[in-house]
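Beneath this line is the structure, given in structure tokens, with notes to follow.
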Amino acid sequence: MTNDSIPDLTAFDDESLNQAFAALEQQAREAAAKINSEEDVEAFKLVWLGRKQGRLTEVSARWLKAAPAAAKKALGVRFNALKAAVEELLESAAGTGPSDAALKAEAIDITLPGTRRLLGAEHLITRTTNEIVSVFAALGYSVGVGPQVETDYYNFESMNFPPGHPARDTQDTLVIASQERRPLRDRLLLRTHTSPVQMRTMESQPPPVRIVIPGRVHRNEADDATHSSTFYQVEGLCVDTHITFSDLKGTLDHAMRALFGSSVKTRFFPSFFPFTEPSADVQISCIFCGGKGCRKCKQSGWIELLGCGMVDPAVFAFAAERQPAYDPKKISGFAFGMGVERIAMMKYGISEIGQFYSGDMRFLSQFV
Ligand code: FA5
């Protein structure tokens with residue numbers, strides 16, 4: 001569409017004016033008839049109604065201004081009628097909308113299935129941690145946390161693993177590099193168990209204490225079906241006057257029944273941890289064979305799940321450096337530490353610990 005210039009107007013009688021305006025209106029109609037797309041509508045608008053160079057602006061500039069005073073009124077009336085006609089043409093052309101081809105290119109098939117958004121869900125480790133924690137919360141335990149990057153003092157020394165003690169070898173440790181110049185007790189490492197949070201808790205509050213502490217731990221271990229170099233534990237600590245081994249047994253027996261069902265049995269096997277005396281490993285009757293013996297329990301009928309014991313007086317002595325109320329002559333307590341993955345594997349029948357960390361949706365979505 002081009003903007004052909006407007007001819008000069010030489011005669012201003014009614015007849016000449018009618019002819020001149022009719023010719024323009026005819027041109028506008030022809031141009032509007034050719035409109036076929038939104039771009040055409042825009043071009044029409046610009047050519048005819050554009051404020052600076054539009055044809056109507058030009059008509060107004062050339063014809064109205066040049067007209068003798070006597071003809072101005074007649075010209076103005078015709079000009080307004082032409083403008084109204086052009087605007088009407090524009091309005092009905094704008095309603096024409098895009099062409100069929102343009103519509104087809106943009107079309108969507110509403111019968112196709114939509115994009116399904118997957119709902120998030122708790123990871124099995126989180127779910128199991130929460131189940132364990134809520135069993136103890138119902139017994140009045142509070143919940144605590146501690147740092148994963150820990151000092152040698154909290155992870156080992158205050159837990160009664162003196163420097164060079166052979167028990168340190170049972171938790172092969174990942175240490176943070178370049179700390180040789182620091183005193184051993186301040187050197188940083190990735191905590192090998194959640195037990196250091198026992199000491200952090202006792203240092204921050206006097207007895208009585210009843211607390212569970214879930215968290216991630218790290219060891220320099222080769223991965224196999226039941227061992228991982230990073231895994232989760234839930235620590236437990238109970239300190240008060242007159243706490244005995246019977247309290248420990250009763251508490252863990254109740255917790256195992258709450259987690260695995262009321263028919264499960266527990267038994268306590270002598271063990272060793274530097275920070276508990278006496279110490280025990282807790283076994284539960286195999287939930288797969290009911291204690292008869294199967295492949296899962298290596299035909300023994302029992303499966304080991306956690307370590308526990310009465311808090312060693314040497315540990316209370318470390319705590320008493322900051323909180324004198326931890327006087328081993330006046331108070332006593334028990335502690336336990338369980339592996340979350342091992343419990344989840346038992347509860348949900350999982351045979352490979354690595355599946356928890358694989359991020360494989362086929363595995364994870366079974367437990368949504
Ligand atoms: C400890 O870590 C002690 N801190 C537990 C404790 C706390 C004893 C308080 C007494 C008082 P142990 O190394 O046995 O103990 O680990 C405890 C549990 O963590 C094990 O019973 C097991 O369930 C789990 N566990 C240990 N090593 C691994 C591993 N490599 N992968 C997965 N789970 C593990």
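Read the numbers this way: they start at 1 and go in the same order the structure lists the ligands and their atoms. By convention here, the first residue in the shown sequence is residue 1.
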Considering only NZ, NE, NH1 and NH2 on the basic side and carboxylate oxygens on the acidic side, decide whether [X] and [Y] come within less than 4.0 Å.
| X | Y | answer |
| --- | --- | --- |
| K34 | D40 | no |
| E304 | R267 | no |
| K347 | E131 | yes |
| D253 | K265 | no |

Worksheet entry | Audit row: Y357, H123, ring pair (Phe, Tyr, Trp, His ring centres under 6.0 Å) steps and yes/no | CA-CA 10 Å; Y357 320 112; H123 191 280; 7.6 Å; no

Item to complete: Kindly tell me which protein residues have any non-hydrogen atom under 4.0 angstrom away from an atom of ligand 1, grouped by chain and ordered by number?
Response: Q171, H193, S195, Q198, R219, E221, T226, H227, S228, F231, Q233, E235, F273, F275, T276, L305, L306, G307, C308, A335, F336, G337, G339, R342, I353

Discussion item. We want to know whether Y326 and E203 form a side-chain donor-acceptor pair, criterion being a heavy-atom distance below 3.5 angstrom.
Written reply: no

